[in-house]
Amino acid sequence: MEKTGHRIWDGAAIFISGMMILICVVGIAGLWITERAISNSVIQVLDIFVDITESIRQVPQGVNLKLVEMQTVSTSISTAAEEISQKVTDKGLVLLLLPEEKEQNLVELLLQ
């Protein structure tokens, strides 16, 4: 009976050792799978962050382009206003607003 008892204890020790090895292998595989899933998740989050920062970086460039367009339009309006002002100064407002034939009639009447 003593040999049978030792064999039972030996079998139990081998069984428990096998279970411990199996648990360790499953733990290592789980860690490897989890690590891959976590690293993939982190990479996806970083890709999203890169996309967001790229979008944020493009906003000021778009604003700068609009400001340049607005400055161009403002400059052309200013130039047109200066030309109108110069014509009013040179001819006068009434002569500037009259049609050409009436303006010529008026000038002829003044010269006679």
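Residue numbers start at 1 and run along the sequence shown. Side chains included, hydrogens not; waters and symmetry mates left out as well; all remaining heavy atoms used.
Annotation: the span from Met70 atom CE to Ile77 atom CD1 amounts to 10.0 Å, rounded to 0.5 Å. Interatomic distance, OG of Ser41 versus CG of Leu46, reported as 11.0 Å (0.5 Å rounding). Atom OG1 of residue Thr53 and atom CD of residue Gln58 lie 10.0 Å apart, to the nearest 0.5 angstrom. The distance from the OG atom of Ser17 to the CG atom of Asp10 is 10.5 Å, given to the nearest 0.5 Å.
For Thr75 (side chain) and Gln71 (main-chain N/O), a donor-acceptor pair under 3.5 Å exists by modelled atom type. Between the side chain of Thr72 and the backbone N or O of Val68 there is at least one donor-acceptor pair closer than 3.5 Å.
When hydrophobic clusters are built by joining Ile, Leu, Val, Met, Phe, Trp and Tyr residues whose side-chain heavy atoms come closer than 4.5 Å, directly or via intermediates, Phe15 is not grouped with Ile23. Hydrophobic clustering, with ILVMFWY side chains joined whenever heavy atoms are under 4.5 angstrom apart, groups Ile48 together with Ile56.
For CD of Glu100, the number of neighbouring non-hydrogen atoms (other residues, nucleotides, ligands) closer than 6.0 Å is 12 at most.
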